[in-house]
Amino acid sequence: LMACLASACVTTPSLKAVRLWYGDLSLESREGRARLRQRVAKAAHDYCAEYGAEMTPHASRADPVYCLDMYRSWIIGEMPPKIRHAYFQARREAGVKGRQF
């Protein structure tokens, strides 16, 4: 469980993948899960700061969290079920709902 590699959008080949490290986190602890959630958010923010305009469809450009939400979803979709469960548990523990990070 050393890394999670989120794949790029299949419809936009120019998107870059991100490596998300979690092997050093204790996902059994609330703090470890919170750090996982923070890493996912940071990866999405970093990616969208660089590639957001390129990957956001024209019709969605007015939506300030479109890129963040979509890339976060891709990252989560590539996680093994155990890691994904820890991530969603961290969101619940932080009181995060919907498209919030």
Side-chain angles (χ1 to χ4, degrees):
L1 298 175
M2 290 305 296
C4 173
L5 177 62
S7 64
C9 175
V10 294
T11 59
T12 310
S14 63
L15 296 180
K16 308 294 183 213
V18 64
R19 285 196 184 270
L20 180 68
W21 298 101
Y22 53 81
D24 62 327
L25 299 176
S26 172
L27 299 179
E28 294 78 27
S29 73
R30 184 179 183 126
E31 179 182 278
R33 290 187 299 272
R35 297 209 48 195
L36 173 64
R37 184 180 65 82
Q38 291 166 353
R39 288 181 186 181
V40 170
K42 182 178 180 346
H45 279 92
D46 291 351
Y47 177 86
C48 292
E50 188 165 346
Y51 302 105
E54 181 180 337
M55 74 83 57
T56 304
H58 186 15
S60 299
R61 297 239 167 111
D63 182 353
V65 296
Y66 176 86
C67 179
L68 296 170
D69 195 36
M70 296 309 301
Y71 203 66
R72 179 180 58 92
S73 294
W74 292 324
I75 292 170
I76 294 164
E78 293 297 317
M79 289 178 175
K82 178 182 175 184
I83 306 305
R84 189 178 311 125
H85 175 76
Y87 174 78
F88 284 118
Q89 186 175 355
R91 285 178 54 92
R92 284 190 302 275
E93 290 168 348
V96 176
K97 296 184 190 291
R99 298 175 81 194
Q100 298 173 327
F101 285 81

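From a predicted model like this one, the values you see are computed outputs, not experimental measurements.
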- request: For the residue pair Y22 and R33, establish whether any side-chain heavy-atom pair is separated by less than 4.5 Å.
  value: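 The answer is no; the side chains never approach within 4.5 Å.
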
Output yes when a side-chain donor or acceptor of [X] lies under 3.5 Å from a complementary backbone atom of [Y], and no otherwise.
X	Y	value
T56	A53	no
R72	A41	no
R91	G98	yes

Nearest 0.5 angstrom please: [X] [atom1] to [Y] [atom2], how far?
X	Y	atom1	atom2	answer
E78	I76	CD	CD1	11.5 Å
S26	L36	OG	CG	11.5 Å
Y47	L68	OH	CG	11.5 Å
H45	Q38	NE2	CD	12.0 Å

task: Just jot down the salt bridge (Lys or Arg N to Asp or Glu O under 4.0 Å) partners of R35, sequence neighbours excluded, or say none.
output: none

- request: Output yes when D46 and R39 qualify as a salt bridge under the 4.0 Å nitrogen-oxygen rule, no when they do not.
  value: no

Those residues that, when tested against [X], pass side-chain contact (heavy atoms from CB on, under 4.5 Å) (two or more places apart):
X	value
E50	none
D63	V65, Y66, R99
A94	R37, V96
P64	none

field: Minimum heavy-atom distance between L27 and I83, given as atom pair plus value
entry: CD1-CD1, 3.3 Å

task: Kindly write out the residues that satisfy side-chain hydrogen bond (donor to acceptor under 3.5 Å, both in side chains) with Q89, not counting sequence neighbours, or none if the list is empty.
output: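 Partners of Q89 under the side-chain hydrogen bond (donor to acceptor under 3.5 Å, both in side chains) test: E93.
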
query: With sequence neighbours left out, which residue pairs that include part of residues 52-90 fulfil the disulfide bond (SG atoms under 2.5 Å apart) condition?
result: C48-C67

